[in-house]
Amino acid sequence: MLRLHRQQLGRLVSLRTIPTRTIIDNFISPHRHRLGVQLFHTQTVHWEKDGELETCQLFSFRPLGSNPLQALTVDDSTRGATALKHLKKGKSLVYGGGGDYHTARQLLQTVKRKYARTKEKGSQVDDISKEWIQQKRLQREQSEMVQKILIQVSIGCSAPSQIMGLRRTPKNVKDILSYAFQNDQEKMKLNCGGISSFLLSLSDF
């Protein structure tokens with residue numbers, strides 16, 4: 001009976017939550033073409049770097065807002081608590097400054113853990129179904145929060161090339177990006193208007 005209850009509850013929760021996906025799930029062009037999925041959504045992001053205003057387009061296969069996003073730059077010296085504070089205020093974070101890719105991933109996980117701890121305080125429930133739904137809601141909120149931690153990707157010959165401003169990026173990053181966007185080059189030309197880079201959510205890569 002408990003197993004059946006969990007299965008029924010799992011199906012119920014799955015209809016209410018948005019699963020966290022990776023770049024392989026979201027960005028593989030042939031799969032999206034078969035499903036007739038829109039190639040990508042874009043949103044303008046502004047941030048200040050070395051005293052100058054930077055502007056870049058955020059690419060996502062999730063729906064995005066129409067208003068420009070305001071972002072801050074972060075690097076290896078940024079603490080998880082500081083990053084979470086900015087994210088809660090609605091700021092996006094562009095990771096760069098010559099930082100380390102693996103440190104950026106660690107910051108993402110730290111933000112998720114700290115966000116979970118702030119939600120767990122005073123939120124204990126006795127009912128297993130409410131606890132399950134609460135857990136899934138937390139996972140969705142964590143995913144939405146860390147989606148605002150961004151990385152910048154260079155464009156070469158109308159195709160994504162490399163992650164900018166980070167050291168020790170995956171060795172096959174160019175191959176992954178090229179495969180993910182292999183059918184999007186014409187669309188990318190149209191959307192990018194000749195720009196040399198775009199932004200992706202770090203959680204997607």
Side-chain angles (χ1 to χ4, degrees), residues 18-28 40-62 64 68-119 138-156 159-181 195-205:
I18 303 173
T20 302
R21 299 183 183 276
T22 66
I23 191 169
I24 298 301
D25 300 314
N26 285 333
F27 288 72
I28 299 303
F40 44 74
H41 302 271
T42 62
Q43 187 173 14
T44 303
V45 181
H46 299 299
W47 73 97
E48 190 173 301
K49 179 181 178 181
D50 298 328
E52 296 185 1
L53 182 65
E54 297 279 337
T55 299
C56 199
Q57 293 295 312
L58 170 62
F59 282 17
S60 176
F61 295 100
R62 308 176 187 89
L64 296 171
L69 291 173
Q70 300 301 318
L72 301 171
T73 56
V74 293
D75 54 31
D76 291 352
S77 65
T78 304
R79 300 179 64 87
T82 303
L84 180 59
K85 179 181 177 181
H86 291 314
L87 292 169
K88 283 185 172 181
K89 290 182 177 180
K91 296 287 187 181
S92 294
L93 304 177
V94 179
Y95 206 106
D100 186 279
Y101 173 80
H102 299 281
T103 304
R105 296 291 309 179
Q106 290 173 8
L107 178 68
L108 184 149
Q109 296 300 325
T110 300
V111 168
K112 290 179 71 173
R113 289 195 299 268
K114 287 184 175 295
Y115 182 79
R117 286 199 291 268
T118 63
K119 288 292 184 178
L138 173 60
Q139 291 174 353
R140 184 184 70 246
E141 292 174 353
Q142 285 178 310
S143 176
E144 291 173 349
M145 184 70 66
V146 297
Q147 282 168 20
K148 294 187 289 185
I149 301 176
L150 311 175
I151 53 175
Q152 195 168 7
V153 177
S154 63
I155 298 175
S161 180
Q162 294 291 340
I163 297 174
M164 300 170 60
L166 291 179
R167 296 176 284 105
R168 293 206 304 156
T169 58
K171 293 182 179 179
N172 60 342
V173 59
K174 187 173 182 178
D175 293 334
I176 293 173
L177 290 168
S178 296
Y179 181 70
F181 287 92
I195 65 174
S196 60
S197 66
F198 63 94
L199 297 168
L200 286 178
S201 174
L202 176 61
S203 62
D204 279 333
F205 198 87

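Quick note: residue numbers are just sequence positions, from 1. None of these values were measured; they are calculated from a predicted model.
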Which distance, rounded to the nearest 0.5 Å, do you find between the [atom1] of [X] and the [atom2] of [Y]?
{"X": "I151", "Y": "F198", "atom1": "CD1", "atom2": "CZ", "result": "9.0 Å"}
{"X": "L87", "Y": "I149", "atom1": "CG", "atom2": "CD1", "result": "5.5 Å"}
{"X": "K49", "Y": "L72", "atom1": "NZ", "atom2": "CG", "result": "14.5 Å"}
{"X": "L202", "Y": "L93", "atom1": "CG", "atom2": "CG", "result": "10.5 Å"}
{"X": "F59", "Y": "L199", "atom1": "CZ", "atom2": "CG", "result": "9.0 Å"}
{"X": "E54", "Y": "S197", "atom1": "CD", "atom2": "OG", "result": "8.0 Å"}

Which atom names give the shortest non-hydrogen contact between [X] and [Y], and what distance separates them?
{"X": "L166", "Y": "G96", "answer": "CD2-CA, 4.1 Å"}
{"X": "S203", "Y": "R105", "answer": "CA-NH1, 4.1 Å"}
{"X": "Q43", "Y": "L64", "answer": "OE1-CB, 3.5 Å"}
{"X": "L69", "Y": "S92", "answer": "CD1-OG, 3.7 Å"}
{"X": "V173", "Y": "Q162", "answer": "CG1-OE1, 3.0 Å"}

What pairs with [X] under side chain to side chain contact (heavy atoms under 4.5 Å, CB included), at least two apart in sequence or on another chain?
{"X": "E48", "answer": "none"}
{"X": "L84", "answer": "K88, V111, K114, Y115, M145"}
{"X": "T44", "answer": "H46, T55, Q57, P68"}
{"X": "Q106", "answer": "none"}

Can you find a side-chain donor-acceptor pair between R113 and T110 that sits under 3.5 Å?
->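 Looking only at side-chain atoms, T110 and R113 do form a donor-acceptor pair, the distance falling under 3.5 Å.
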
Does one side chain, of Q147 or S201, offer a donor that lies under 3.5 Å from an acceptor on the other?
->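 On atom types as modelled, these side chains do not qualify, holding no pair under 3.5 Å.
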
Is a side-chain donor or acceptor of Y95 paired with a backbone partner of G165 at a separation under 3.5 angstrom?
->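 Between the backbone of G165 and the side chain of Y95 there is no qualifying donor-acceptor contact (under 3.5 Å).
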
Main-chain N/O of M164 paired to Q152 side chain as donor or acceptor, under 3.5 Å |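 No, because the side chain of Q152 does not come within donor-acceptor range (under 3.5 Å) of the backbone of M164.
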
Name all residues meeting the side-chain hydrogen bond (donor to acceptor under 3.5 Å, both in side chains) criterion together with T103; count only those two or more places apart in sequence or in a different chain, and write none if there are none.
->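 Per chain and number, T103 pairs via side-chain hydrogen bond (donor to acceptor under 3.5 Å, both in side chains) with no residue.
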
D50 CG: over 12 foreign heavy atoms closer than 6.0 Å |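 At most 12 heavy atoms, drawn from other residues, nucleotides or ligands, come within 6.0 Å of this atom.
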
Who passes salt bridge (charged side-chain N to carboxylate O under 4.0 Å, His left out) against R168, sequence neighbours left out?
->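 D100.
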
